[in-house]
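Note sheet for the following structure.
In what follows, chains are A, B, ... by sequence order, proteins preceding strands, each numbered from 1. Only a predicted model underlies this, so the values are computations on that prediction, with no experimental measurement involved.
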Protein chains: 2
Amino acid sequence: METRLDLVFAALSDPTRRAILTMLLEDDMAVTDVAEPFEMSLAAISKHLTILSRAGLIAQEKRGRVKWCKLDPGALREASVWMQGFGQFEPVNLDAFERFLEEELRDDSL
Amino acid sequence: METRLDLVFAALSDPTRRAILTMLLEDDMAVTDVAEPFEMSLAAISKHLTILSRAGLIAQEKRGRVKWCKLDPGALREASVWMQGFGQFEPVNLDAFERFLEEELRDDSL
DNA sequence: CGTTTATTTAACCGATTGGTTGACGATTGA
DNA sequence: TCAATCGTCAACCAATCGGTTAAATAAACG
């Protein structure tokens, strides 16, 4: 069973996809415009966008023949919350912390 | 060129490796003990540990014939910082966590 | 010493990844 | 209407991934 977290971290592990997210931070963009600065085919970028979309990191909306991509930081926040468990919390109360995270994430996803 | 961030996110994208990190949050562990709860070979776990180690998420130290694994949250923090750029995520709310703990304790005592 | 324990390495496997090209459907504009 | 534009899909490819088993190395035990 592939969890949301799997998809998010896998999506983030590719530098092209991280670059796309950074671009979208400035503004929503059409697929063709997202592809422009990269030295790879439009089809490849289209695949990257699908991966970002399935991970919940972006949302895509088609208007006319143009598909607009916008950042959707919900899933990213989810991953961020998971990661902050390390570094901030020392050995104590790990089980409790995990339960706490689950509750937080459940609330966010609604 | 594979950056540190690539390695960290790729490492985190596997649920087995995230589970290992969670275990190491509680305590340092030998490779064999890390492998124990998983339904896969020791060799497979050894590979996962190598990936975590290359990503800088754990450190391994050999004492005698035993190799100890400990969490090394440096790289994780690095990735966490990268993610903060997207959306102004409040860091995990420690106060909320403490309230959660209190509630749990109250429930247990009933 | 020989044996058991701890861990890695090597060879292998099928599935997935990140890219390509070319064809395709849908929308727009002259 | 017809050509250009936007984007996806299908087929293909080499490389990597996550797992296996078996053998190899190294240290500790009796």
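Contact of the A/Q60 side chain with the A/V31 side chain is registered, since non-hydrogen atoms from C-beta on lie closer than 4.5 Å. Here the side chains of A/T3 and B/P15 are not in contact, with every heavy-atom distance at 4.5 Å or above. You'll find the side chain of B/E78 stays beyond 4.5 Å of the side chain of B/V8, heavy atoms only.
Rounded to an integer number of Å, the gap from CD of A/E36 to P of D/dC6 is 12 Å. Atom pair A/D14:CG and C/dG18:P shows a separation of 5 Å (rounding to whole Å applied). In this structure, CD1 of A/I58 is placed 12 Å from P of D/dG7, rounded to the nearest angstrom. One can place CZ of B/R18 at 15 Å from C1' of D/dG18, the figure rounded to the nearest angstrom. Distance CG (B/L7) to P (D/dT16): 13 Å, rounded to an integer number of Å. For the pair B/Q60 CD and C/dA6 P, the interatomic distance rounds to 16 Å; values are reported in whole Å. Per the geometry, CZ belonging to A/F9 stands 17 Å off P belonging to C/dT17, to the nearest Å. Separating the CZ atom of A/R17 from the C1' atom of C/dT17 is a distance of 9 Å, rounded to the nearest angstrom.
In this model, the phosphate group of C/dT8 is approached by a side-chain N or O of B/K67 to a distance below 4.0 Å at OP1 or OP2.
Residue B/T32 has its side chain nearest to C/dT7 when only D/dG7, D/dG18, C/dT7 are considered.
B/R4 and B/A75 make their closest contact through NE-CB, 3.5 Å (heavy atoms, listed as atom of the first residue, atom of the second, distance). The heavy-atom pair separating A/F9 from B/L12 by the smallest distance is CD1-O, 3.4 Å. In plain terms, the two heavy atoms of B/D72 and B/A59 that are nearest each other are CB-N, 4.0 Å.
With B/R17 contributing its side chain and B/A10 its backbone, the two residues share a donor-acceptor pair below 3.5 Å.
The stretch residues 39-55 of chain B touches DNA chain C through B/L42, B/A43, B/S46, B/K47, each having a heavy atom within less than 4.0 Å of the strand.
Residues B/F38 and B/L71 fall within the same hydrophobic cluster, defined by Ile, Leu, Val, Met, Phe, Trp and Tyr side chains chained together at heavy-atom separations under 4.5 Å. No continuous path of hydrophobic side-chain contacts links A/L7 to A/I58 [ILVMFWY only; heavy atoms under 4.5 Å].
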Query raised in the report: What string of B, S and - do you get for nucleotides 24-30 of chain D, 5' to 3', if B is base contact, S is sugar-phosphate-only contact and - is no contact with any protein heavy atom under 4.0 Å?
Result: ---BS--
